[in-house]
Amino acid sequence: MFIEFRNEVEHVLEEALASYDSEGMELTESEHADISSRIAFSLASKYKRSPKSIADEIVKYIKIPAEDTLISNAVADGPYINFFVNDVYLHKALQRIKEGITAKKKEGKIIIEHTSANPDGPLHIGHLRNAIIGDGLARILKRAGYEVETQYYVNDMGRQIAVVVWGAERMEIATAKKADHAVVDVYIAANRMVEEHEAYQREIEDLMGAYESGDEAVVKRYETVVNASLSGIKATLERLNIHHDLFVFESEFVREGAVEAVVEELVQKGNIKRRDGAALLLHLDGIDKELVIRRTDGTLLYTTRDLAYHRWKSSRCDRLIDVFGKDHELVSKQLTKALELMGVRAPEFVIFAFVSLPTGSVSTRAGRYISADELISKIEARAYEEVAKRRADLEEDRKRAIARKVGIGALRYDMVKVSPEKHIVFVFEDALDIEKKGAPFIQYSYARACSILRAAEGLFTDDYDDEYNTALREESEKDLIKKLAKFEYVVQTAALELKLHLVAKYARELAEMFNAFYKYCPVLNAEQELRGARLQLVYCTKTVLGDVLDVLGIEAPDVM
RNA sequence: GGGGUCGUAGGGUAGCUUGGAUAUCCUGUCAGGUUCCGGACCUGACAACCUGGGUUCAAAUCCCAGCGACUCCGCCA
């Protein structure tokens, strides 16, 4: 409803400004009004008058319609022109929520690529951030009305995978373990062997060559390993409520000749520097480092294959988003330039900084890493302790289910509450401290709302609409409704700017306002008419809290 | 050496693209609060824009310089 209000303010203000020579309206949100305009400042310098006198004058020209409007009034406060909503706005905002908020379908399809971890072992904490950001973006764009497809790009042609495939011939992939964990064991052991014997390195190279050329027996061996890893990775992602619509394999582009086609095109269109052998180095404007698209020995590189993948992706959608780690930043720039050269639309990159541990850097080989599975289990266990302490009355299954929602919620919220470019030091104790950390607080508010509605079973009906205007007059009630009315606006803004933390912030603020309302406005003990109105407000809050948590990929428990 | 990101209370963090009212929120410390629907709650207080210039009526925001931090720089992925 806020979007409609904003549109109306724009319309009214534009007419009032008709006789001025102004560009834009300089609308801002502030605590002083529902919407403000700072236009008087810029007009002041243009007309050599005081901002205050101009603001006073503009307000006189503002004509608010007598009916069918959401604006109550516009007043000049010094140089600012402040607009306020009316009761109709508050009424309609709740009405909209009761009908169920659904965004209008938007034109265009969006593809988001995220996670894309190498299938040589389990996900670790860095992948987790990638996956959670990517999934969050997908959810928010869907909510904003777009068609979204999520893709996991499987790097099945790298050396790491070859090492695992090689190792799998010599040792068993343990079946007792979760598949991705079993695969990394093989990788670590095989890698040690390969490092010690040069002869093995040749075998690895032969294996890579055979796979690239599509040798059937080799392809089968690869598939076994890659599928084992992916099944484990998928299981981990599932615990986090994350799924991908499509898994795309790097090798497909090589065998179809799409990669060769890219090379040919770049040779024709680009500034190529040849060096010894078959090597091709591409110089890209504005980037010092040349992009190697083919090795001396004639084999191709990851980035070249990535170009083929992006060309394919780009042709299948209208907006392309990649979630990349910071270490890929240079690659992302080279990718952009090279794609431009090819006349292919480049993706929008969401670059996120790494998650490190207080003990130092993460190292897979040294065994000094935290697998995502381990982390998830620990945080769920911690949440369980808390649930068991508070809700001894519940059945075991119930407690487990709540702990799962709370634990995953805390983790997901933690990963998106700050801007992606901020580096995170992952302190176990803090992450496991589920109190005051965002998601549990919001979930608790949701559970409380549910609790009230349960207690009011039979009292809550839909026919209090007419009473609304006279019933809900408390500040905490109005603030809460205004916040509810902004949900769609926040979703649209966050979708446009790809800023998940805006949604996280909104969720927290909404929960805060509900708690304040809860504190000052008794619902069940209010006299009948007021009770009905407040029950509706509780219902609407519950709905939006559930929606906003869903956008963040967090489940809302009705008890906790 | 070159590129990038960043510097906001004791710690963390929003705001910076598009300059404008008392700089956001979490945590911390201190002081309060529940005859009531769930105390994983609420209210109040303390405390910050790296430094120096510049532009401007107005700078956390834009420009320049400095200092500091982190990070990337393989014919790996």
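From a predicted model like this one, the values you see are computed outputs, not experimental measurements. The sequence lines fix the lettering, A, B, ..., with proteins before strands; numbering per chain opens at 1.
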Under the ring-ring contact (aromatic ring centres under 6.0 Å, His included) test, which residues partner A/Tyr384, sequence neighbours left out? none
Side-chain N,O (A/Tyr518) to OP1/OP2 (B/G39) below 4.0 Å: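 For B/G39, OP1 or OP2 has a side-chain N or O of A/Tyr518 closer than 4.0 Å.
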Is any side-chain N or O of A/Arg159 closer than 4.0 Å to OP1 or OP2 of B/G74?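 Answer is no, no contact under 4.0 Å.
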Sticking with atom [atom1], work out how far [N] lies from [M], rounded to a whole angstrom.
| N | M | atom1 | value |
| --- | --- | --- | --- |
| B/G53 | B/A69 | P | 23 Å |
| B/G54 | B/A14 | P | 30 Å |
| B/A59 | B/U17 | C1' | 16 Å |
| B/G12 | B/U71 | P | 15 Å |

Residue met sooner reading RNA chain B from 5', once A/Arg448 and A/Ala516 are mapped to nucleotides: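 Upstream on the strand: A/Arg448.
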Residue mapping more 5' on RNA chain B - nearest nucleotide basis, A/Tyr520 or A/Arg454: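 With A/Arg454 and A/Tyr520 compared, the 5'-side residue is A/Arg454.
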Got a sec, which residues hit side-chain hydrogen bond (donor to acceptor under 3.5 Å, both in side chains) with [X], two or more places apart in sequence or on another chain?
| X | answer |
| --- | --- |
| A/Glu203 | A/Trp166, A/Arg170 |
| A/Asp156 | A/Tyr211, A/Ser251 |
| A/Gln201 | none |

Tell me: CD1 of A/Ile442 to C1' of B/C26, nearest whole Å?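 Going from CD1 in A/Ile442 over to C1' in B/C26 covers 12 Å.
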Rounded interatomic separation in angstrom, taking NZ from A/Lys326 and P from B/C70: 14 Å
Going 5' to 3' along nucleotides 9-24 of chain B, which nucleotides have protein heavy atoms under 4.0 Å from the base (write B), which only from the sugar-phosphate (write S), and which from neither (write -)? ----SSS----BB---
By nearest atom, which of the nucleotides B/C37, B/A77, B/G38 is closest to the A/Arg305 side chain?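 So the nucleotide nearest the side chain must be B/A77.
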A/Arg49 with A/Asp56: basic N within carboxylate O range, under 4.0 Å: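 No, no charged N to carboxylate O under 4.0 Å.
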Can a salt bridge be assigned to the pair A/Glu395 and A/Arg398 using a cut-off of 4.0 Å between side-chain N and carboxylate O?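 Result for this pair is no, no salt bridge flagged.
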Give every donor-acceptor pair under 3.5 Å between a side-chain atom in residues 518-526 of chain A and any protein atom, sequence neighbours left out.
none

Any strand is fair game: report the nucleotide pairing with B/U56 by Watson-Crick or G-U wobble, both distances under 3.5 Å, or none.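 Paired with no nucleotide.
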Both distances under 3.5 Å, Watson-Crick or G-U wobble: report the partner of B/A47, or none. none
